[in-house]
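Data block below; observations after.
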Amino acid sequence: VPTADARFVRALADVVGDAHVATDPEITRGYCVDWTGRYVGASPAVVRPSSTAEVAAVIGICREHGVAVVAQGGNTGLVGGGVPLVGELVLSLTRMASVANVDLVAGQVTAQAGSTIAQVQAAAGASSSGLTYAVDLASRASATVGGTIATNAGGLRVVRFGDTRAQLLGIEAVLGDGSVVSHLGGLPRDNTGYDLAGLLAGSEGTLGIVTAARLRLVPVQPFRTTALLGFTSAFTAIDAVVGLRRTAPSIEALELFFRSGLELVCEMAGLQPPLASLPDAYLLVESSGPADPTDELSSAVSALVGVTDAAVTSDGPRRRALWQYRELHTEAISRVGIPHKLDVAIPLRALADFLVEVPHVVASVAPEARVFLFGHAADGNVHVNITGIPVDDLAVDDAVLRSVAERGGSISAEHGIGSAKRKWLHLNRSAAELAAMIAIKRALDPDGILNPNVLLSPVVPRGTVAPRGW
Ligand code: MLT
Ligand code: ZN
């Protein structure tokens with residue numbers, strides 16, 4: 001564990017108060033390991049500011065002392081982007097969790113970085129406003145606004161509402177040079193130069209620390225129907241994805257999983273399989289609208305070829321029961337062992353081939369590995385989860401990510417590059433693009449103190465708290 005310089009800790013405590021700087025390893029440990037257990041680091045201290053001004057002061061102190069810093073929200077990240085893998089100070093945003101200024105006229109809300117997605121959804125929907133926040137994901141109760149912006153999180157409703165970047169009407173952040181940018185007016189049309197909110201979305205804590213955001217809200221759809229469809233193969237399932245996207249505009253979610261993952265979920269949660277015939281491939285489809293979308297969804301489904309079995313319901317508890325088979329995948333897979341989680345996107349026309357091929361790609365490198373595939377089919381986003389290989393064995397990651405790039409896919413669809421995938425970033429980004437990113441990094445974080453181990457950065461020797469220059 002890197003030890004904290006006493007003057008450094010004193011300076012932090014003078015800003016946030018003694019109670020909000022932790023150096024005891026018993027306390028800091030939980031901030032140093034990610035949700036999967038694959039990424040374990042160490043930190044000299046965890047600091048928990050309560051305001052944007054305090055965040056700026058903390059960044060000033062880090063610059064003065066040459067200490068690198070990693071911002072952390074709900075610590076639900078899956079790519080080693082929010083934990084101190086090279087001895088960074090952890091800056092936790094969890095005390096900054098207010099959600100305010102719900103504007104029913106404009107359909108907007110301002111949320112501090114540490115508020116969870118569930119808190120934003122609740123605040124948006126309070127007093128029967130008829131509004132909600134469009135981003136939704138299984139980790140909604142822990143994942144925070146700041147973290148979902150930093151990773152440009154997607155989640156379950158991208159097909160209808162877009163990703164986190166698409167919800168951003170303005171942002172407040174402390175940049176790496178300690179300056180505060182605040183643009184929270186929320187004008188939906190505002191072409192006054194560079195889009196800093198869009199730039200910070202997906203920047204993974206390397207350019208600035210997001211402290212608040214102005215977010216777009218969408219109308220709550222009062223009617224909702226969910227269908228679970230079974231298919232004999234990935235090919236018929238992906239053909240169905242293409243068909244449904246065309247014929248059912250009411251679709252809000254279109255999720256994919258396979259029998260192997262379903263069996264794990266059933267075993268862990270003590271559930272019966274949802275479709276008696278135990279098909280190999282599954283699509284979970286949800287439609288919503290101001291009127292009952294069941295007819296539209298049913299006629300779209302009946303036009304599909306290759307559906308072997310189906311369950312359709314608009315009853316709330318039954319719908320939630322169907323969702324469990326999808327949402328419990330992450331937890332069920334983690335019980336098998338610490339997974340390698342490769343979150344990738346494939347062009348729809350190459351998706352079925354990839355789904356069929358990827359277990360062979362893995363087996364050619366690690367015959368003992370198990371592969372579980374699930375994800376957000378409408379966007380070609382597949383979560384390739386691999387268990388049964390050592391956490392630091394990168395041969396499988398390499399083979400899968402190369403196969404993704406060869407098919408014109410992205411090595412990070414929604415989880416980010418983090419420290420997990422930065423050595424493969426060149427598979428998706430040209431030298432000119434990387435040079436532009438580094439120029440931006442240098443401009444906004446001149447001392448290279450923000451998340452130096454993530455996205456673009458050079459390797460920093462383990463155990464040091466001193467950032468490397470850019
Ligand atoms: C999901 O889609 O459930 C999340 O991205 C989490 C995961 O990939 O395990
Ligand atoms: Zn996902």
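Numbers for residues simply follow the sequence, beginning at 1. Because the structure is a prediction, the values reported are computed rather than measured. Read the numbers this way: they start at 1 and go in the same order the structure lists the ligands and their atoms.
With respect to Arg157 and Glu286, no salt bridge is recorded, no charged nitrogen being found less than 4.0 Å from a carboxylate O. Taking the charged nitrogens against the carboxylate oxygens, Glu263 and Arg259 do have a contact shorter than 4.0 Å, which makes a salt bridge. Between Arg140 and Asp136, at least one side-chain nitrogen of the basic residue sits less than 4.0 Å from a carboxylate oxygen of the acidic one, meeting the salt-bridge criterion.
No hydrogens or angles considered: a donor-acceptor pair under 3.5 Å links the side chains of Thr110 and Arg214.
With atom 9 (O) of ligand 1 as the reference point, the heavy atom nearest to it among Leu137, Val382, Thr330 is part of Thr330.
On a distance-only criterion, Arg326 and ligand 1 share at least one N/O pair closer than 3.5 Å.
In summary, His376 places an N/O/S atom under 2.8 Å from the Zn ion (ligand 2), meeting the contact criterion. Distance check for Glu414 against the Zn ion (ligand 2): an N/O/S atom falls below 2.8 Å.
Given atom 8 (O) of ligand 1, the protein heavy atom at minimum distance is His415 CE1, 3.1 Å.
Residue His376 places a heavy atom under 4.0 Å from ligand 1. Residue contacts with ligand 1: Leu78 is included, with a non-hydrogen atom under 4.0 Å away. Contact between Glu255 and ligand 1 is absent, with no heavy atom of the residue lying under 4.0 Å from the ligand.
Below 30°, between 30° and 60°, or above 60°: for His376 and His383 the angle between ring planes is above 60°, a perpendicular geometry.
For ligand 1 and His383, the ligand atoms under 4.0 Å from any heavy atom of the residue are 1 (C), 2 (O), 4 (C), 5 (O), 8 (O). Applying the 4.0 Å criterion to heavy atoms of Glu414 picks out, from ligand 1, the atoms 2 (O), 5 (O).
Taking the ring centroids of Phe257 and His329, they lie under the 6.0 Å cut-off.
Of the possible donor and acceptor atoms, one in the side chain of Asp195 sits under 3.5 Å from a partner among the backbone N and O of Gly198.
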